[in-house]
Amino acid sequence: MVDPSAKNRRVTRRFSFVETVETPARPDEPEQEHVAPFVSVREAFRHFWPHTRGLRRLFVAGVVLAIVAALCEIGAIRLFGFIADEVLAARNLGAFWEPAFVWLGLMVVAGLASFLGSYATAVGGERFLLRLRDRVFSHMQTLTPDFFDRRRLGDLMARLTDDVEAIEELVGSGVVRILTTVISVVFFAGAALFTRWELALATFALVPAFLLASKVFASRLRGAAARERFSNGAMNGVIEEGLANQALVQAFNRQGTEARRLHTQGSAWMRANVAQARLSALYGPVVQVIETVCLLVVLGLGAWEIVAGRLTIGGLLAFAAYLAYLYPAVQGLGQIALTVSQAAAGSDRVIEILRIRPRVTDPAVAVLPVAPRRGRIDFADVGFTYPGRSAPTLRHLTFHAEPGELVVCVGPSGIGKSTVAKLLLRFHDPTEGRVLLDGVDIRDIPRTALREAVTVLQQENLLFSGTVRDNIAYGRPGCGMDEIVGAAVMAGAHEFVERLPRKYDTPVGQRGRLLSGGQRQRLAIARAILRDAPVLVLDEPMTGLDPATAARVMEPLGRLMAGRTTILLTHDLRLVPETARTVVLGAAPARPRVAFSFSGPGPRRTAWRTRPHSETGSPRG
Ligand SMILES: Nc1ncnc2c1ncn2[C@@H]1O[C@H](COP(=O)(O)OP(=O)(O)OP(=O)(O)O)[C@@H](O)[C@H]1O
């Protein structure tokens, strides 16, 4: 088992060691436990600031209103000094009322300005957050499914939520906070200087002590924050995997193992949080001591000035009041440095994702900008090696399928059948040779147009957690209920859907797990029927189905295949119809004695042959 503290030490070393600012764009690479490269605060800011376009008015309003509030507060403090000298010291109650009402008026304006400023900043910040999360999510969706297979989903989710929020603290509301704090420092320092500049200069001499304290803390907090971000992602990964695979966990009695995995990651996260909390908690008292020294200096010097007759009591009180505003602002500057350090640790992880370029991209100039309609497929001497693998999965694969024809790729498990589907959808591009659709290299067709023309029925039928109706309609957004029911009837799903408690409005559960494998398969067929693409890829369509269920699914499958070019990928020779062109991947498997038959109303009926007819051998190696 990995010692988490050792892991953390590694992370620390890595952070103190990696200084690179420029992370080159690179294709998606295999990663599981992943520490994002260090990105400087300035670079993070430069990267995300353009995303505030259109929101900057809100941030400007936040700053302007904060200035108004600060000016009102300065005015109120001056009135306080006036009242101390002209009312209290002079024992003149008549002079009280006018400044008292003006003071009240100023505080009402300050309160209003502060409310509106905070509100505008919050709205701007939230919109920025929404925009940034949308952008990162959209970018993720341009990456190939292979990228997601190599990453922990929980970690990616943490990047989309916590890390994106941390960036908002740096770039959205963070900017307003920095500006308003700096402005407060300038204003209150200016007012103190105006009241008694010698006294002010003497107290300002202690300001570098604040800044030094925040600098020392910020650099340490950056390391702690980076570890916290990392372990947060790792912990989310363990939670996501553990919960998603609960059936497996319970069936294998591995609850204890999963709990220990979470505990290990949770402990690492806890340690990083404790380190952060320790630094933040220490920062407060250190600053308080510095503040007390400042205050005592002011009182001592102030008393001396009063005795010398250069300052009134009211002047000293006002001066002290300015400092009461000034020191928290200076302290706030230090706090911002800490927040920025934490936010920068989140930006490392988001920038890392944004810099990953998709392996597969659209052509600069599309030879065929719209979805191919006929459905002729050509694999021309195709070879493919998975990234990070040395041995090719496919070599010299050559076959074609005429529009409307059924071609069967047979071969044992792991030989590369699903890879054929992935190449056809351009989840990967071949490393050798070409794949053509209607005579056009699919690299010259935009991916959206290509995928409109190809429907894949995957080995594991993927459903969303919505209702039956939602899942069928996923094939064609905006379709009517009659079309949904029509597709369900054709797919042989209508009958069982009608028996569900809420019929088409019945929730199918997480990934459709409230339905049986055969029912999920029929919903997937209905979804594919609605999609109505000219090319159909069936990847082991009978996986996990018992012979009786498989036989029931054959008929709707036959209806789905009717009139479409179909590539059937299977190791199961019972599915290979007599008339189909057959491509054997690897060694030809032996024929079984029992057969299924596709029996839809389409142009082809299947009959059984005793020997597979191999058009083109395409083994590996
Ligand atoms: N994303 C990937 N990265 C690296 N190797 C992969 C990846 N996906 C599949 N492979 C490897 O490629 C080979 C072919 O996999 P593929 O899924 O195409 O096989 P298959 O014939 O469909 O198998 P099965 O019938 O068991 O689904 C396997 O050895 C597999 O380990």
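Note that the structure is a prediction, hence the values are computed from the model and not measured. This chain uses plain numbering: 1 for the first residue, then up along the sequence. Worth knowing before you read on, the calculation uses all heavy atoms, side chains too, and leaves out hydrogens, waters and symmetry mates. Note that ligands are numbered from 1 as they come in the structure, with each ligand's atoms numbered from 1 the same way.
Relative orientation of the His51 and Phe48 rings is tilted, given thresholds of 30° and 60° on the angle between their planes.
If you look at His428 and Phe384, their ring centroids are closer than 6.0 Å.
A salt bridge links Asp532 to Arg564: one of the charged nitrogens lies within less than 4.0 Å of a carboxylate oxygen. Residues Arg581 and Glu402 are not paired through a salt bridge, judged by the lack of any N-O separation under 4.0 Å between the basic side chain and the carboxylate. The pair Glu352-Arg349 fails the salt-bridge criterion, with no side-chain N (NZ, NE, NH1 or NH2) lying under 4.0 Å from an Asp/Glu carboxylate O.
Taking a cut-off of under 4.0 Å to the non-hydrogen atoms of Asp146, the atoms of ligand 1 that pass are 1 (N), 2 (C). Of all the atoms in ligand 1, the ones that sit under 4.0 Å from a non-hydrogen atom of Lys422 are 8 (N). If you number the atoms of ligand 1 from 1 as listed, the ones under 4.0 Å from a heavy atom of Glu540 come out as 25 (O). The contact set between ligand 1 and Ser418, taken as ligand atoms under 4.0 Å from a residue heavy atom, comprises 17 (O), 18 (O), 20 (P), 22 (O), 27 (O). Ligand-side atoms of ligand 1 in range of Thr393: 12 (O), 13 (C), 14 (C), range being under 4.0 angstrom from any heavy atom.
Inclusion of Ser413 in the set of residues having an N or O under 3.5 Å from an N or O of ligand 1 is warranted. Checking only distances, Asp149 never comes within under 3.5 Å of ligand 1, N or O to N or O. Considering both main-chain and side-chain atoms, Pro387 never comes within under 3.5 Å of ligand 1 through any nitrogen or oxygen pair. The shortest N/O to N/O separation between His428 and ligand 1 does not fall below 3.5 Å.
The shortest non-hydrogen separation linking Leu129 to Glu165 is CD1-CA, 3.5 Å.
Contacts between Thr419 and ligand 1 below 4.0 angstrom, taking non-hydrogen atoms only, involve backbone and side chain alike.
Between the Arg499 side chain and the His494 main chain, no donor and acceptor come within less than 3.5 Å of each other. For the pair Arg355 (side chain) and Val350 (backbone), a donor-acceptor distance under 3.5 Å is absent.
Taking only non-hydrogen atoms, the option from Ala391, Gly411, Gly414 nearest to atom 29 (O) of ligand 1 is Gly414.
Contact annotation: His571 has no heavy atom less than 4.0 Å from any atom of ligand 1.
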